[in-house]
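Structure record follows, encoded as structure tokens.
Below, chain A is the first sequence line, B the second, and so on; all start at residue 1. Since we're looking at a predicted model, the values are computed, not measured. Note: hydrogens, waters and symmetry copies are ignored here, and every other heavy atom, side chains too, is used.
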Amino acid sequence: MRFLFKTSYEQDIRLAKHGGHVLWYALLCLALLAAPWVAPEYWVAQLTFVLIYGIAGLGLMLLAGFTGQFSLGHAAFLGVGAYTQAVLTGMGWPFALVLACSAGLSAAVGVVVGLPALRLKGIYLGIATLAFGFIVEEVFARWESVTGGNSGKAVLPPQIAGHALESTEAFYFLCLGLAVVCTLGIVNLLRAPTGRAFVAIRDSEISAQSMGIHLAYYKTLSFALSAALAGIAGALYAHKMQFISPDQFSILQSIDLLLMIVIGGLGSVHGAFLGAAFLILMPQLIALGKDALPEAIGQAPGLQAVVYGLVLIGFVLFEPMGLYGRWLKIRTWLQLFPFYRKGLFKRQKTFQKSDRLK
Amino acid sequence: MNAALQPAGGADGAPILNLQNVESSYGPIKAIRGVSLQVRRGEVATVLGSNGAGKTTILKTISGIIDPRKGSVQFCGQDITAHDPAAIVRRGLSHVPEGREVFPLLSVRDNLLMGAYTRGDRDAVARDIETVYGYFPILAERKDQDAGLLSGGQQQMLAISRALMAAPTLILLDEPSLGLSPRLTKEIFEIVVRINRERGTTILLVEQNANMALNASDYGYVLENGRIVMEDRCAVLREKDDIKEFYLGMKEDSVRGERRWKKKKTWR
Amino acid sequence: MQFLQLLVSGLSQGCIYGLIALGFVLIYKATETVSFAQGELMMLGAFCGLVLMKLLGMPFWIAVVASIAAMALFGVLLERVVIRPILGQPAFSVVMLTIGIGYVLRGLVTMIPGFGTDTHALPVPYKDEAVQLGPLVLAAEQLAVIAATAVLCVLLYAMFRYTRLGVAMQASSQNQLAAYYMGIPVQRLNGLAWGLAAAVAAVAGLLLAPITFVHANMGFIGLKAFPAAVVGGFGSLPGAIVGGLVIGVIESLSGFYLPEGFKDTAAYIVVLLMLMVKPNGLFGERLVKKV
Amino acid sequence: QASQGVTKDTITLGSIQDMSGPLAGFGKQVRMGMLLRVDEANEQGGVNGRKLELKVEDSGYDPKRAVLAAQKLVNQDKIFMMVGHIGTAQNLAAMPVQFSKNVINFFPVTAAREMYEPFHKLKYSFAATYYDQIRLEAPKLIKEKNAQKVCTIYQDDEFGLEVMRGGEAALKAMGREYTEKTTFKRGATDFSSQVAKMKAAGCDFVVLGTIIRETIGTIGEARKTGFNPTFLGSSAAYTDLIHKLGGKAMDGLYAAMTVQHPYLDESSQPIRFWANKYKTKFNEDPTVFSVYGYSAIDSFIKAAQKAGPQLSTDSFIKAMDTMVLEPDMFGSPTMTFGPQKRLGNDLSRLSQLQDGRWHVVSDYAKN
Amino acid sequence: MSGDVLLEARNLSVRFGGLLAVNDVSFDVRRGEVFTLIGPNGAGKTTVFNLISRIYTPTSGSIAYAAPHGGLLALTAQPAHRVAGLGIARTFQNIELFEHASVLHNLLIGRHTRRETGLWADLLFTPRARAAEVRAREKAEEIIDFLQLQHYRDTLVAGLPYGVRKVVELARALCTEPQLLLLDEPSSGLNVEETDDMAFWIQDIRDELGITVLMVEHDMSLVSRVSDRVLAMNQGQVLASGTPREVQTHPGVVEAYLGTIDDVSSLRRPNDGSRKQEVRA
Ligand SMILES: Nc1ncnc2c1ncn2[C@@H]1O[C@H](COP(=O)(O)OP(=O)(O)OP(=O)(O)O)[C@@H](O)[C@H]1O
Ligand SMILES: Nc1ncnc2c1ncn2[C@@H]1O[C@H](COP(=O)(O)OP(=O)(O)OP(=O)(O)O)[C@@H](O)[C@H]1O
Ligand SMILES: [Mg+2]
Ligand SMILES: [Mg+2]
């Protein structure tokens, strides 16, 4: 275990808590910057998807992991961002402006969803967002003049300073930059009063309120920020896919997003990206493993769903803290190495209490 | 505990509850370390200790809510270490938890009926409900109200009554007087003593109101930092200086008074 | 007339939603979690009946009873193997778990060679019969759904309201710790609740099979049953039925009288409106925390 | 110039199928049909001495996963060509990935117009579109039945819209229009209000933009309420499942189709032989989708043989420029391709369900 | 309302269904005093607190409050989340902490009403936000030192013993820098020694921090030690009010609330002292 001697409050606030952090994050940045030169194009494209989903995951993490508001319709925000991007890019607007519009419109829609959320809790909120997701999907399908309806819509590459950003590498750097900016924003938020207000609402609404936290404002804000991030992710997604259609933003997509942050580790910023990496890598792993399996299993339809389900079940059962939790344990183990005690992470019996009253 | 501390005459009263060297922890934090204690059939025993000493942890370990790391718990001569809590209750042990823990969305009456979940005899249960309504008339008045809407003290009454409904052989009481008015605090202890005398129910009591506890109990243990540091008959404990000072609040003003100077406890 | 026929169709479709919603409410009341696997359990129940009737050649009624029993057992096992280990974790974990279970069940059924990917018809004795009520027509399949829904609702309601077991289930969902202190065998009751829910799902699956056929994706209809349960108030059994009927009727009427597209989203629009007016549904408990 | 996926002794082909989603049944059959033809070809020594290798990925009928799958096939597995990819949105999503690497999209299993329109040199399609099927077949039937009020019920997605528009075009040519149009959402189970709507409008001819369960559901509901117009479906409704699941009530339904359903006891000997071979190999009854898969590979082989030993994307396209595919045993029409003609044939014919079995009731018409 | 009155409740009533939980209660709290509510369980004390902190709205009656920036305010017209900003902080009878956060974090959340930055400054973590954050931490550490919580600073609240949680809740309330502090049973669950500490703290809060305290308490020794005035309630109504001595000797209060408390030795067993007992079967 590393002991830190704190000499000033600044130290508590700083993002990198010690030199090791600085080193590791620097290495990570280097690796990400070097990726297009060392990794094959295919993997760069996958990495781009990881970043895009990471941004969306960050938003959902803020909402679900830190504010405790579960959204089963998050794909709708992704969709709003994607369609806004597609339409405005199609009209020839510059990328930066379009992206701001996508994020803004998504956030506005987020506010609209956040409003009923003020009075709703738990499952009721979940179903409200689910219903909202379905309605938005229907709007995408019906508003043919703008969205192209079910025929879908082709998306042009982003226009930056008059250049079309067409190559995989260039787009990758764009996504990387945005992902870093978004992450820094969220991390900043979480070490400031706004972020703490979110966490307070998650733990106890009644005492958050008595601490002067305006529940309505912060819940709506959380929805708005979360939707804005989803909107940015949706915009990038649209460019990456080059083709969007309403059924890409269905309940299944929403569940994928949720699954992602659970597997990544609910309540940690790292988790959003770890989960995204997992979500994108998973089908590849299955495809790799498929050939090793006997034909009857490997080629059977439904294999992917089974593996998905099993992985999810496995995480909930054995690693409720997700990939990030697993990483923490490994790190602690390494740091303590010869002195690691077995019971250190033993899970205690816990007892559920009704959260109908909160 | 070493043999010297064994109570006189401890051998012939059959211990109904026997903890041997029990050690429990929350994750890496050890809450109690090597606690051994006995409660004899028909007696009222009490555990005193300051905040965070581990009193609640002991009770939780007994009723199976926490699995001990080491040691064993025996109840009525049988080993119940780390058994399923529900199974332990069915053997006749009932627990009034710290902080009330009522079923907030069930009516007061249903709460009481749940207390009697392990009993089959409907008539006896109905009679017992009337008895506890007699102890706490307010519960009868509110029998159809959701328990979550009762005031703090009313919930405490409900929690105690609910445990009585199980007609247990041993009751673990965790701070029964929490949030009760002075008058009701006294009544609660009278009820405890009465149940002990009339029904022969054995009682293990954890209580911050040491004055009441030491008067109502036969035997006491003092817990500090997860260890038992003293045990004796209550009559003896009541006379000890440390107990007087730290638990009964009887002190010469000159010692502490307006100066916030804490005297070290001698047993540490 | 037209209106009446639409109303009747809506009611019978609503009963289907209600029937599935009963399963949700049952699990919710007893464990305070929302089971996203309910639709898949229903699918499994239908497949179970199909296998017993078509492959093993059992007579209809025996197959029905056998598949309900088998599913009940399956529910108990499911609880024992995957849900019990995380008993006491936040409800959200269990929700994710049920999503996982749903995936696995759907995937496994699809993996059965030559069977899982196909759509099947369940041979029921009342197939293609219809009851003529004056000018109104009601298929026997729909009547069966209505009857079964009513019976199940009454039975489950009575269980939760009047039996010690039912009250204990609610108690353990409200405060598990206290339930243990009372000697309530929380784990066993949970198992029972899952068994019951799976049995209810099997009933729903078997009744639905003649209407929607048996196929691996038939569980998706559960997504319509959620709004039903919410409109009625998630913790209320009669609420589930009423919610189902409300949604069924509104769907049916909006399909006829409103522009295209409304029928499919009617359920969701209704649920949003309802939640804005009554955040706890029609029959939901008013929840206040007293501090 | 050499293309990826072709080596001295192998040709790597890719395909994306729905193996876990709503069309998993069809996806699986297409794959098996393709495998059957690949194995046949390899047993006979391959194509110009090169063995065929088929890589199949699962899209779960989800466009996003289709893109990921396409990226894997194109960039990692280095396939020469995408054959028989299922689903319209999925194809549209995957095509940019393929085209950026000069990979042909060959005979996708969907009858949407976007599979050959707008023109792209890497697009080849074989299926008469849903649009054309209805546009060309509906008028004949309307006249034959002397129908007065034509209505439609269609699935509210790309597929259903195409069917509806085909009917619309046909009616327009006749100077008429739909009396009533209703929709439903994919996965719907209740069609009562839609049927009531059509019944109230007095329809006597209904164009079905439905697939399987919806076809059965709609017709079943109609029969129950005593509403008996002429039903015409697209090739999506031309499957044995309709009569297997729907039973007698389905009799009378018309569907547009090209290749014939391969019944195991089919009277035509080659089809019977083929069907039983398939059954022996996979222990499953073949369907039209098996035939689609089989034919797609078959056509590829023919073109690749024509392209000669120097197989590359360019030589393949060159061969296709003058390609004529004669009718096969399943009764597909003659298909011709050219530098600007990327759809083999836009004709189809009609089958009707009679006594629980599809019977071809018309031949390809010249228009 | 005279200058030294901080809070003035007039004819408050609350009805829950058929139950009149608070019935025509009037009192005023003067600046700089410790004012205590006592009464039997269910008398309506907590409900009065909930009225002041706007969790409940009175069926009738009014609460006037002298806001920190001058002016008299009808408290009942304020939304609940504004109450803390007006300088009223509270603790809860059943302890409502943020369970999954550390003690320090809980205290920092308590600083919410004193936040100096908005959303954008937080997102960018501007130097101003950084400076504000440092100040918030300084204040929190001050309170931690004051209540001797150093030992628990970084532990999660979920694992704290009951008594410590009570103190953390007090600390969190102090972090809002209130002018009126509502304490609901501050000493419940504390032993004699800890109650002693609590008494000192309450006195310090009043004398050193200049905060007015309104509390509900059942421990009469604490009440008489720290309170300036006491109000006794029963069944929603005012029973008596005055100095601790006056109220404690009021016959109605003795009857309904105190009982004959002193005589605890009556609890003892006749043959106390012997552990040998007839073992009942
Ligand atoms: N859930 C938990 N997680 C971590 N540590 C815990 C947990 N519960 C209790 N502890 C620790 O265990 C020790 C004993 O706690 P316990 O609740 O048994 O004390 P107690 O004697 O009952 O105190 P009190 O009089 O305040 O109720 C304390 O130091 C506490 O910090
Ligand atoms: N939200 C509510 N709904 C219904 N009844 C309520 C509600 N809140 C309080 N009550 C009732 O009002 C009465 C007063 O409750 P309150 O909590 O104010 O008592 P209290 O004086 O604080 O008692 P205690 O000392 O036991 O905490 C109680 O009988 C309680 O049941
Ligand atoms: Mg305790
Ligand atoms: Mg109170």
Completion exercise
Whatever's closer than 4.5 Å to a heavy atom in chain C on D:Ile216 counts as side chain

Exercise for the section: Measure distances from D:Leu241 to the heavy atoms of chain C and classify the residue's part below 4.5 Å as side chain, backbone, both or neither. Expected result: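 For D:Leu241, the contact with chain C is made by the side chain alone.
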
Practice task
Not counting sequence neighbours, list each pair that qualifies as a ring-ring contact (aromatic ring centres under 6.0 Å, His included) and has a residue in residues 204-228 of chain C.
Solution key: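 Those involving residues 204-228 of chain C are C:Phe24-C:Phe226, C:Phe36-C:Phe226.
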
Would you say that more than 12 heavy atoms from the other residues, nucleotides or ligands in this model lie under 6.0 Å from the [atom1] of [X], or not?
{"X": "C:Phe262", "atom1": "CZ", "result": "no"}
{"X": "D:Asn283", "atom1": "CG", "result": "no"}
{"X": "C:Lys54", "atom1": "NZ", "result": "yes"}
{"X": "D:Lys279", "atom1": "NZ", "result": "yes"}

Exercise for the section: Inspect the contact between D:Lys172 and D:Glu177 and indicate whether a charged nitrogen and a carboxylate oxygen are less than 4.0 angstrom apart. Expected result: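 No.
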
Problem - Closest-packed option against chain C by number of heavy-atom pairs under 4.5 Å, given D:Arg213, D:Gln194, D:Glu284 - result: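 Heavy-atom pairs under 4.5 Å are most numerous for D:Arg213.
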
Problem - residues 180-189 of chain D: residues contacting chain C (heavy atom under 4.5 Å, by number) - result: D:Lys181, D:Thr182, D:Thr183, D:Phe184, D:Lys185, D:Thr189

Exercise for the section: Please state whether the side chain, the backbone, both or neither of C:Thr110 comes within less than 4.5 Å of a heavy atom of chain D. Expected result: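 For C:Thr110, the contact with chain D is made by the side chain alone.
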
Exercise for the section: Return the orientation label for the D:Tyr238 and D:Trp358 ring planes: parallel under 30°, perpendicular over 60°, tilted otherwise. Expected result: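 Geometry flag for D:Trp358 against D:Tyr238: tilted rings.
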
Exercise for the section: Could you tell me whether the side chains of D:Tyr278 and D:Ser290 share a donor-acceptor contact shorter than 3.5 Å? Expected result: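 Their side chains do contain a donor-acceptor pair, which is all the 3.5 Å distance test asks for.
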
